[in-house]
Number of protein chains: 2
Amino acid sequence: MSTRQTGPGTTAQHALEGLRRAIIAGELRPGQRVRQEEIADNFGVSVAPVREALRVLEQEGQVEYRPRRGYFITELWASDLAEIYALRQVLEERAARKALPTLDDDAVERIAAAARDCAEAAERGDVAAELAANRRFHFGMLESPDQVHTMRLIRLLWDSTESYRALYYNSPEERTRTVHSHEAILEAVRRRDADTLVAELDAHRSRALDVLTRVLDGDAE
Amino acid sequence: MSTRQTGPGTTAQHALEGLRRAIIAGELRPGQRVRQEEIADNFGVSVAPVREALRVLEQEGQVEYRPRRGYFITELWASDLAEIYALRQVLEERAARKALPTLDDDAVERIAAAARDCAEAAERGDVAAELAANRRFHFGMLESPDQVHTMRLIRLLWDSTESYRALYYNSPEERTRTVHSHEAILEAVRRRDADTLVAELDAHRSRALDVLTRVLDGDAE
DNA sequence: CTCTTTTAGATTTTCGAAAATCTAAGCTAT
DNA sequence: ATAGCTTAGATTTTCGAAAATCTAAAAGAG
C-alpha cells in the first residue's frame with residue numbers, strides 16, 4: 001500500500017505505525033485475527049519486522065498473542081474499560097498536579113494549539129487527526145521531565161483503549177461536548193488551578209467512559 | 001548453553017527467559033550493550049527470536065533501543081527508582097485493599113508457602129530463587145480477577161527494577177530484615193487487616209528503596 | 001598538530017525460503 | 001448418526017545469508 005523506501009526509521013517502525021493506523025481506522029477490529037503475511041504484503045515488507053511490531057503492540061495490550069496460533073486484536077469488555085479509566089484517574093491526577101506548576105507560557109500555548117487542532121479535525125470529521133491532537137492536548141499538560149515512568153504507564157493505558165476511542169469520536173453530539181470540555185480544562189490550566197483542573201479532567205473522563213460503555217454494551221453479541 | 005529442542009513454548013519465549021535470567025544474574029549489566037548474534041549463539045538459535053524477545057524487554061523498560069545502533073541494558077538513577085517506588089505505593093495499595101477480602105484460605109496458604117520459599121532461598125544464597133519466591137509472595141496477595149490491568153502495570157514496574165533488586169538481595173543484613181518484614185505482612189493478611197497491611201507494605205518498600213538508593217549512589221561513577 | 005575524509009570491519013536489519021505447527025474438512029469404524 | 005482418525009492446505013515460526021548501516025582507525029588536507 002505504501003511506497004517502500006529506506007528512509008529514517010526502520011522497517012519495523014513503519015510497520016508499527018501502519019498497524020496503529022489500521023487499528024484506529026477500524027480496518028483491524030477487536031477480536032479479529034491478524035494474518036502476518038497479509039500485513040507484510042500490504043506494506044511491501046517481509047514478516048520479520050511485522051512480527052517485531054506485533055510484539056510491541058502485544059506488550060501495550062493492543063493485540064493478544066497465542067503461541068503458534070497468532071495475534072488477535074484485543075477485545076475489551078465494559079469492566080476492562082472501567083478499570084483502565086479508574087487507573088487513569090489516579091495516575092493522571094498525580095501527573096497533572098506535579099506538572100501544572102512547571103508549565104511555562106510556551107507549554108500552555110502548545111496545549112491551546114492542540115485544542116484548536118482537535119476542534120478543527122472534529123469539524124472536518126478527520127478521526128485520526130482528532131485522536132492525535134487530543135493526545136497532544138492531554139499529554140501536553142501532564143508531561144514533566146521527572147515523571148517519565150508515570151507517563152509511560154499513562155501512555156500504556158491510552159494505547160490499550162485507542163481502538164475504542166475511535167468509536168467515541170464518531171458521535172457528532174460528543175464532538176461539541178468535547179470541545180467545551182477542552183475549553184474548561186484549558187482555562188483551569190491557564191489559571192494554574194489544580195483542583196478545578198483535576199475536577200474537569202475527571203468529568204471529561206467519566207463522560208468518555210459512559211459513552212464508551214454504552215457503545216460497548218449495545219455492541220455485545 | 002542450553003539444550004536446543006522444540007518443546008512447549010516458542011524459541012522466542014526461551015530467548016526471553018534466558019535474557020531475563022542473564023539480567024538477574026548480572027551477566028548483562030546496566031548500561032551494557034546487548035550483541036544480538038552473541039545472545040543467539042549462546043542459546044543456539046538465530047537472531048530473529050532474540051530480536052523479538054528484546055522488543056518485549058524494551059517495552060518493559062529493561063532495555064533501551066536505539067535504531068540501527070542496538071539494544072542496551074537500561075540504566076536507572078536514584079530519581080527513577082524513587083518515582084517507580086512511589087508509583088508502586090499507589091498502585092499496590094489499591095490492589096491490596098481490593099484483593100484482601102477476596103483471599104480464601106487456600107490463597108493465604110500459597111502466600112505463606114512463598115514466604116517460606118523466600119526465606120529458604122535466602123538461607124542458601126540463591127538469589128534467583130529468592131527473587132522468584134518474593135514475587136510469588138507479593139503478587140499472591142495483590143492478584144484478583146477484576147484487576148488485570150492494575151496487575152499489568154504493577155508487573156511492569158517490578159520488571160523494570162528487577163536487575164537492581166538483585167543487588168539489594170545480596171546484603172545478608174537485609175536478608176533477615178526481609179524475612180521479619182514478610183512475617184508481619186503475612187500476619188496482617190491472615191487478620192484481613194487492610195490498614196496494617198498497607199502500612200507494612202509501605203515500610204517494606206521504603207526500606208528497599210533506601211538500600212537500593214544507597215547502593216546506586218555509592219556505585220555512581 | 002588538528003580537522004575532515006576515507007575505508008575496513010563489526011553489527012544491525014531485512015529478506016526469502018524451509019521447517020514446524022495448527023485448522024478444518026473428509027473418511028472410517030462403531 | 002457420532003466420535004475419532006487422517007490428511008491437505010493455511011499459517012506461524014525459525015533459519016541462514018544478503019543488504020544496509022554504524023563505528024572507529026587510518027590517511028590526507030589545511
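The chains referred to below are lettered A, B, ... by the order of the sequence lines, with proteins before strands, and numbering in each begins at 1.
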For nucleotides 6-8 of chain C, list the nitrogen or oxygen atoms of the protein found under 3.5 Å from its nitrogen or oxygen atoms, one pair per line.
none

Please write out each protein N/O paired with an N/O of nucleotides 5-10 of chain D under 3.5 Å, distance rounded to 0.1 Å.
none

Heteroatom pairs (N/O) under 3.5 angstrom, protein to nucleotides 22-25 of chain D:
residue	atom	partner	partner atom	Å
D:dT23	OP1	B:Arg69	NE	3.2

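Under the rule for a side chain to side chain donor-acceptor pair (under 3.5 Å), the partners of A:Glu38 that lie at least two apart in sequence or sit in another chain are A:Arg35. With sequence neighbours left out, the side chain to side chain donor-acceptor pair (under 3.5 Å) criterion links A:Asp104 to no other residue. Partners of A:Arg116 under the side-chain contact (heavy atoms from CB on, under 4.5 Å) rule, at least two apart in sequence or in another chain, are A:Glu109, A:Ala112, A:Ala113. Annotation: side chain to side chain donor-acceptor pair (under 3.5 Å) contacts of A:Arg20 (sequence neighbours excluded): A:Glu60. With sequence neighbours left out, the ring-ring contact (aromatic ring centres under 6.0 Å, His included) criterion links B:His149 to no other residue. For A:Arg136, the side chain to side chain donor-acceptor pair (under 3.5 Å) partners are A:Asp117, not counting sequence neighbours. Contacts of A:Arg55 classified as side-chain contact (heavy atoms from CB on, under 4.5 Å), with partners at least two apart in sequence or in another chain: A:Glu58, A:Tyr65, A:Tyr71, B:Ala12, B:Glu52, B:Arg55, B:Val56.
Within residues 53-60 of chain A, no residue places a heavy atom under 4.0 Å from DNA chain C.
Ring to ring, A:His14 and A:Phe43 are not that close: their centroids are 6.0 angstrom or more apart.
C:dC15 atom C1' lies 13 Å from atom CD of A:Glu52, rounded to whole Å. Between the NE2 atom of B:His14 and the C1' atom of D:dT14 there is a distance of 14 Å, rounded to whole Å. Atom-to-atom, CZ of A:Phe72 to C1' of C:dT23 comes out at 11 Å; the value is rounded to the nearest Å. Straight-line distance from the CZ atom of B:Arg51 to the C1' atom of D:dT14: 14 Å, rounded to whole Å. The distance from atom CZ of B:Phe43 to atom P of D:dG16 is 17 Å, rounded to the nearest whole Å. Whole-Å rounding puts the B:Asp41 CG to D:dG16 C1' distance at 12 Å. We find that CD of B:Glu38 is positioned 9 Å from P of C:dT11, with the value rounded to whole Å.
Among the nucleotides D:dT13, C:dG16, C:dT13, the one closest to any side-chain atom of A:Ser46 is C:dG16. Which of C:dC15, D:dT12, D:dT13 sits closest to the side chain of A:Glu37 comes down to D:dT12. Checking C:dT13, D:dT12, C:dC15 against every side-chain atom of A:Ala48, the shortest atom distance belongs to C:dC15.
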Quick one, B:Phe72 with B:Val63, criterion side chain to side chain contact (heavy atoms under 4.5 Å, CB included). Give me CA distance, side-chain angles, the key distance, then yes/no. CA-CA 5 Å; B:Phe72 300 81; B:Val63 303; over 6 Å; no

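Taking 4.5 Å as the limit, some side-chain heavy atom of A:Leu91 sits within range of a side-chain heavy atom of B:Leu87.
The pair B:Glu130-B:Arg165 fails the salt-bridge criterion, with no side-chain N (NZ, NE, NH1 or NH2) lying under 4.0 Å from an Asp/Glu carboxylate O. Using a cutoff of 4.0 Å between basic side-chain nitrogens and carboxylate oxygens, B:Asp106 and B:Arg110 are scored as salt-bridged.
The side chain of A:Gln36 contributes no N or O atom lying less than 4.0 Å from OP1 or OP2 of D:dT11. Contact annotation: B:Tyr65 reaches the phosphate of C:dT13 (side-chain N/O to OP1 or OP2, under 4.0 Å). Distances shown here put every side-chain N or O of B:Thr10 at or beyond 4.0 Å from the OP1 or OP2 atom of D:dT13.
Sorted by first then second residue, the salt bridge (Lys or Arg N to Asp or Glu O under 4.0 Å) pairs that include residues 79-89 of chain A, not counting sequence neighbours, are A:Arg88-A:Glu92.
Among the protein residues, B:Val34 comes within range of the sugar-phosphate backbone only, with heavy atoms under 4.0 Å from sugar or phosphate atoms but none that close to a base.
Under the 30°/60° scheme for interplanar angles, the aromatic rings of A:His204 and A:His182 are found to stand perpendicular.
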